[in-house]
Amino acid sequence: MNSTSTLRHPRVRFAPSPTGFLHVGSARTFIFNWLYARHNGGTMILRLDDTDVERNTDASVQSIFEGLKWLNLGWDEEYKQSERGALHRQMAEAILQKGLAYRDFTPAHTGDSEKSGAQGTWLFNPGMRELSREESDRRAAAGEPFALRFRVPRGAGQAVRFNDGVYGEQAKQADDIEDFALLRSDGNPTYHLASCADDADLAISHIIRGQDHLNNTFKHVLIFEAAGFKPPQFAHLPLLVAPDGTKLSKRRHGPVVSVTTYRDAGFLPQAFINFLCLLGWSPKNDREQMSRDELVQVFSLEGINRANAVVNFKDVGTTTAATPDDIFDPKALWLNAETIRTLPIDDLCSRLLPIVRGAGFTMTPAKMLQITPLVRERIRLLREVLTVADFFFVDQLAPYDPAELVPQKGDAAMARRALERAKEVLSTTEFKHDPLDHSLRAAAQELGIKAGQMFQPIRVAVCGRKNAPPLFETLEVLGKETTLARIDQALPKLA
RNA sequence: GGCGCUAUCGUCUAGGGGUUAGGACGUGAGAUUCUCAAUCUUAAAACACGGGUUCGAUUCCCGUUAGCGCUACCA
């Protein structure tokens, strides 16, 4: 692929390593890559960077696919890094042959042995860099284990440079870069090597990834050049952090950082995508709610910020029972609520139905279709249908405080009279909005009480609580039989 | 410690040498309504600090501070 066609048809990739569930930060990286590809008529590639055999898990692979599937954005090509080992070793060999890498026979560090020391930066293991080719070959042939390290140019005051699509011109003295490993002593490639080898082989034109890789990029530029490739275009994304400014982590911050948490709570993928796009990127025209197509249309690297973005959830301890208001960013909730309101009733209905049934209720599509308009403006998350519309689903209302039946500026006697009268009136009224409206208002007038004082006892009697959807619509869906039965059950509570 | 990145309302952000520093979420108040929600109106709320450059700096430069990242034979 020549540079002209690359310019017109960029090839981007999302390369997660399957060492955990799909993180919201990773999801955003995927989305930005996808948006860039679609905006520019390019190719989106999914590559599983599974070179860390120790930490990879199938569950993680599952979680990543599950999450991406839910996002419903798709990709054009798919690869698995572990199946491309030959390619990686080939590039390592090529770099070694050019003398740009060397074998390091020093045993691997045991871990935190070096942690406590406040010594300067480690750059390379003394003696290994200068090992003669003959001795290096001899020891390797003898079976002595070694790591292959990149021979970073030293002492020449040389700088490594690249132009980042977000952070601009970047330069770093080669003398500040350590001789990083290309191959581990078990022969497996490191992330740096495998990533660059694959990016080169797959002709990736733009690498869009988290800013935590900004420093690594100098190493990658070195690898690309050593292997004879022109480095791709880089663009680094600001990180997503917790309210306390620290990196989002499952251990510290709980399920908020997992994409499936959003899915399971009842986010719409579109709203979730919209929310993530607004963290660290802006269309710069005050637009916030955007459809997928609009996002594709306006997305550009120029709109990406350089400062980290806070995902604004409440940092509740693991002991507290977390509510949606605790664990989700208010903006995410608002965006989801807005998106729900834009959904056609039948669409929303078909998303709600499985949730209601999944909670163990029997529900017909026809009845759900009647309920849907009553909850549409009252839920921020699809799952909230279960708490907002519970009284439509249950046979028996959960116990409620009889005091709720008593209207504003009224007493139990007033509630009784209202309910008694309602019973009579409703038994002869057609259960449609307008007739219900007329007869109940008339009844209130007869009793000499305000409409609100008439409605509240009825609402509580049929819904089991004060806050509910509008009364007439509710009664209409509930039907005469259920309504009268619930009023009958309420009356004794006022005795 | 070394290297790098960053800094506008509580949060996400727009802006940019001269502005009433704009929008959104959230929060407060009010309107509307049969409650809730939705909707509408409205209020409070920001340029981290110190030096330059300049007629003028929130904007440009330097420094300080703070935060973050990298500093593994993790990715």
Side-chain angles (χ1 to χ4, degrees), chain A residues 15-19 49-52 54-56 104 106-109 111 114 117-123 145-149 164 167 170-173 175-178 180-192 194-195 210-219 236 238-239 241 243-247 275 278-289 305-313 325 329-335 337 341 374-380 388 407-408 437 440-441 444 450-456 458-460 463 465-472:
Chain A
S17 56
T19 55
D49 277 8
D50 53 352
T51 51
D52 187 357
E54 299 283 301
R55 300 198 306 156
N56 291 337
D104 182 350
T106 314
H109 272 304
E114 217 181 351
Q119 74 291 119
T121 318
W122 173 89
L123 289 173
F146 64 86
L148 188 71
R149 291 190 182 281
D164 192 88
Y167 289 89
Q170 301 292 315
K172 185 166 182 164
Q173 289 303 311
D175 295 288
D176 289 328
I177 303 171
E178 77 280 3
F180 55 94
L182 259 20
L183 248 29
R184 301 181 195 134
S185 46
D186 64 3
N188 284 318
T190 62
Y191 157 75
H192 300 300
S195 177
Q211 192 242 37
D212 47 347
H213 285 298
L214 195 61
N215 277 291
N216 288 335
T217 305
F218 296 104
K219 296 172 187 170
H236 290 85
L239 265 21
V241 298
D244 63 3
T246 62
K247 204 170 159 181
F275 168 64
L278 260 18
L279 294 174
W281 173 80
S282 158
K284 302 190 184 292
N285 59 181
D286 286 344
R287 289 276 293 149
E288 297 217 299
Q289 292 174 57
N305 272 31
R306 283 172 295 277
N308 290 169
V310 174
V311 179
N312 196 17
F313 55 89
D325 294 282
D329 189 310
K331 193 101 172 208
L333 252 13
W334 173 76
L335 236 19
R341 280 174 220 131
L374 299 185
V375 300
R376 187 160 71 153
E377 281 170 5
R378 275 162 260 267
I379 57 174
R380 297 168 303 171
V388 166
Q408 287 287 312
D437 188 334
L440 288 176
R441 280 184 199 281
K450 288 183 180 170
Q453 292 173 314
M454 179 79 199
F455 300 159
Q456 182 179 324
I458 304 173
R459 175 177 295 110
V460 174
C463 300
R465 61 184 134 81
K466 286 180 184 170
N467 300 339
L471 190 58
F472 312 131

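Order of the sequence lines fixes the chain letters, A, B, ..., with proteins taken first and strands second; residue numbering starts at 1 for each chain.
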With a non-hydrogen cut-off below 4.0 angstrom, is [X] in contact with a base, only sugar-phosphate, or nothing?
X: A:T190; result: sugar-phosphate
X: A:G280; result: sugar-phosphate
X: A:Q170; result: sugar-phosphate

[N] [atom2] sits how many Å from [X] [atom1], rounded?
X: A:R306; N: B:U13; atom1: CZ; atom2: P; value: 12 Å
X: A:L278; N: B:C25; atom1: CG; atom2: P; value: 12 Å
X: A:F275; N: B:C25; atom1: CZ; atom2: P; value: 14 Å
X: A:E288; N: B:U13; atom1: CD; atom2: C1'; value: 8 Å
X: A:Q289; N: B:U13; atom1: CD; atom2: P; value: 17 Å
X: A:K284; N: B:G23; atom1: NZ; atom2: C1'; value: 13 Å

- request: Could you run through nucleotides 27-41 of chain B and give me one letter per nucleotide, 5' to 3': B if any protein heavy atom sits under 4.0 Å from the base, S if only the sugar-phosphate is that close, - if neither?
  value: -------BBBBSS--
task: Do nucleotides 60-71 of chain B as a string where each nucleotide becomes B, S or -: B if the base has a protein heavy atom under 4.0 Å, S if just the sugar-phosphate does, - if no protein is that close.
output: --------SBSS
query: Who pairs with A:R306 by side-chain contact (heavy atoms from CB on, under 4.5 Å), at least two apart in sequence or on another chain?
result: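 Testing A:R306 for side-chain contact (heavy atoms from CB on, under 4.5 Å), a comparison that skips the adjacent residues, returns A:V166, A:Y167.
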- request: Look at A:Q173 and B:C3 and indicate whether a side-chain polar atom (N or O) is within less than 4.0 Å of OP1 or OP2.
  value: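 Indeed not, no polar side-chain atom of A:Q173 lies that close.
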query: If we call it a pair only when both distances are under 3.5 Å in a Watson-Crick or G-U wobble match, what pairs with B:U32?
result: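 Paired with no nucleotide.
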- request: Please determine, for B:A14, whether a Watson-Crick or G-U wobble partner exists with both distances under 3.5 Å, and give it or none.
  value: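 Base-paired to nothing in any strand shown.
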message: Suppose you measure atom P in B:C62 against the same atom in B:U42; what distance do you get, rounded to whole Å?
response: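 Their P atoms lie roughly 43 Å apart.
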